[in-house]
Participant: 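The structure is given below, and queries will be raised subsequently.
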Protein chains: 2
Amino acid sequence: MTLQPFNIGGLSRQTGVNIETIRYYEKIGLLPPPARSQGGFRQYEDRHLQRLRFIRRGRDLGFSIDSIRALLTLAERPDSPCEGADQMVLLHLDEVERKIADLTLLRAELRKMKNCCGRVVAQCQIIGSLVAPRE
Amino acid sequence: MTLQPFNIGGLSRQTGVNIETIRYYEKIGLLPPPARSQGGFRQYEDRHLQRLRFIRRGRDLGFSIDSIRALLTLAERPDSPCEGADQMVLLHLDEVERKIADLTLLRAELRKMKNCCGRVVAQCQIIGSLVAPRE
DNA sequence: CGTTGACTCTGTAGTGGCTCCAGGGTCCAT
DNA sequence: ATGGACCCTGGAGCCACTACAGAGTCAACG
């Protein structure tokens with residue numbers, strides 16, 4: 001538990017979130033604006049730290065800003081049903097699985113392409129398969 | 001072999017590339033500007049079709065616009081050595097493999113998260129793991 | 001008390017690769 | 001001559017940041 005408020009740099013170090021990104025999150029209303037010092041420096045408290053860690057973790061898991069916004073709203077109402085969260089995870093999981101499938105196909109294509117002729121472009125398999133894909 | 005020049009809509013249909021995207025490719029110098037009709041319509045020829053198909057295929061394979069530019073330059077010089085193309089494919093393959101690995105980890109995390117409690121947010125595993133990740 | 005140097009502020013613009021739109025002009029078949 | 005499909009340009013918007021300029025603040029040291 002941090003008792004003293006800290007600057008944006010401290011918050012950045014404690015969360016691994018870029019300073020510019022923190023300010024950006026404030027601008028788009030994801031992180032509440034903190035108090036300011038007399039000179040105008042942002043003074044963060046523990047609640048900001050908690051919230052930013054939540055956001056960071058959500059981003060690391062690949063959730064969009066909008067999804068995180070929804071998850072934060074949910075998290076703030078401990079008595080509300082959590083189907084919404086469940087749905088979002090399932091949706092996102094689907095998306096991730098689709099991406100993995102796509103990239104796996106891509107990888108296969110690229111593996112077919114490599115092992116180039118080693119000579120000149122005219123015989124090059126890579127260029128060739130871009131001009132007309134091998135079936 | 002198409003003999004008559006065709007409009008942007010025709011080029012779009014033959015390649016599956018959006019009209020707006022075609023104009024964008026022209027603007028960034030990826031597709032050479034075609035002749036124009038008296039009224040100012042773009043009139044494409046076979047070489048544009050070939051080139052755009054190459055671009056499309058490169059994009060489908062996940063290459064960046066810059067990489068495609070380089071590959072096109074290579075493709076235009078049939079006598080040049082094709083190490084460059086080889087390098088680019090290998091680099092891109094590495095990247096794709098890294099992405100697959102990342103997404104696979106992500107998928108595992110998301111699978112751990114799902115099967116939510118089915119009740120309220122206070123006991124919700126999803127929200128919980130965003131607040132403090134399970135180890 | 002003054003200076004130094006690390007830190008922070010605001011506002012704006014840029015990234016990639018498109019996509020969308022408004023407000024107009026063109027083309028061609030009827 | 002007209003209708004409807006097509007096309008034009010220029011600019012803004014998308015996502016989630018990132019980079020920068022030019023200025024101001026803070027705290028420790030001498």
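Quick note: numbers below take in every heavy atom, side chains included, and nothing from hydrogens, waters or symmetry partners. Labels below follow one simple rule: chain letters A, B, ... track the order of the sequence lines, proteins then strands, and each chain is numbered from 1.
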Participant: I'd like to compare against my own output: the B/S/- annotation of nucleotides 11-27 of chain C with a strict under-4.0 Å heavy-atom distance to protein.
Facilitator: -B----BBBBB---BBS
Participant: Whole angstroms only, please: what is the CG-P distance between Asn7(A) and dG24(D)?
Facilitator: 19 Å
Participant: Rounded to the nearest Å, what distance is computed from the CD atom of residue Gln4(A) to the P atom of nucleotide dA27(D)?
Facilitator: 11 Å
Participant: Could you check whether Ile19(A) gets within reach of a base, just the sugar-phosphate, or nothing at all, counting any heavy atom under 4.0 Å?
Facilitator: sugar-phosphate
Participant: Please list every donor-acceptor pair under 3.5 Å in which a side-chain atom of residues 73-91 of chain A meets a protein atom from a residue at least two apart or in another chain.
Facilitator:
{"unit_1": "Thr73(A)", "atom_1": "OG1", "unit_2": "Arg69(A)", "atom_2": "O", "d": "2.9"}
{"unit_1": "Glu76(A)", "atom_1": "OE2", "unit_2": "Arg51(A)", "atom_2": "NH1", "d": "2.8"}
{"unit_1": "Ser80(A)", "atom_1": "OG", "unit_2": "Arg77(A)", "atom_2": "O", "d": "2.7"}

Participant: Nearest whole Å is fine: how far is dA5(D) P from Ile8(B) CD1?
Facilitator: 19 Å
Participant: Distance check needed: dA6(C) P versus Phe6(A) CZ, whole Å only.
Facilitator: 23 Å
Participant: Go through the structure and list residues passing side chain to side chain donor-acceptor pair (under 3.5 Å) with Gln43(A), not counting sequence neighbours.
Facilitator: none
Participant: Using a strict threshold of under 4.0 Å (side-chain N to carboxylate O), is an ion pair present between Glu109(A) and Lys112(A)?
Facilitator: yes
Participant: Return the set of residues passing ring pair (Phe, Tyr, Trp, His ring centres under 6.0 Å) with Phe63(A) (not counting sequence neighbours), or none when no residue passes.
Facilitator: His92(A)
Participant: Please tell me which of Arg36(B) and Arg13(B) maps to the more 5' nucleotide of DNA chain D, matching each residue to the nucleotide holding its nearest heavy atom.
Facilitator: Arg13(B)
Participant: Report the distance from atom CG of Leu31(A) to atom P of dC17(D), rounded to the nearest whole Å.
Facilitator: 13 Å
Participant: Does Arg56(A) place a side-chain N or O at less than 4.0 Å from the phosphate oxygens OP1/OP2 of dC17(D)?
Facilitator: no
Participant: Residues in salt bridge (charged side-chain N to carboxylate O under 4.0 Å, His left out) with Arg56(B), at least two apart?
Facilitator: Asp60(B)
Participant: Compile the donor-acceptor pairs under 3.5 Å between side chains in residues 27-39 of chain A and protein atoms, sequence neighbours left out, one pair per line.
Facilitator:
{"unit_1": "Arg36(A)", "atom_1": "NH1", "unit_2": "Gly40(A)", "atom_2": "O", "d": "2.8"}
{"unit_1": "Ser37(A)", "atom_1": "OG", "unit_2": "Gly39(A)", "atom_2": "N", "d": "3.3"}
{"unit_1": "Ser37(A)", "atom_1": "OG", "unit_2": "Gly40(A)", "atom_2": "N", "d": "3.3"}
{"unit_1": "Ser37(A)", "atom_1": "OG", "unit_2": "Phe41(A)", "atom_2": "N", "d": "3.0"}

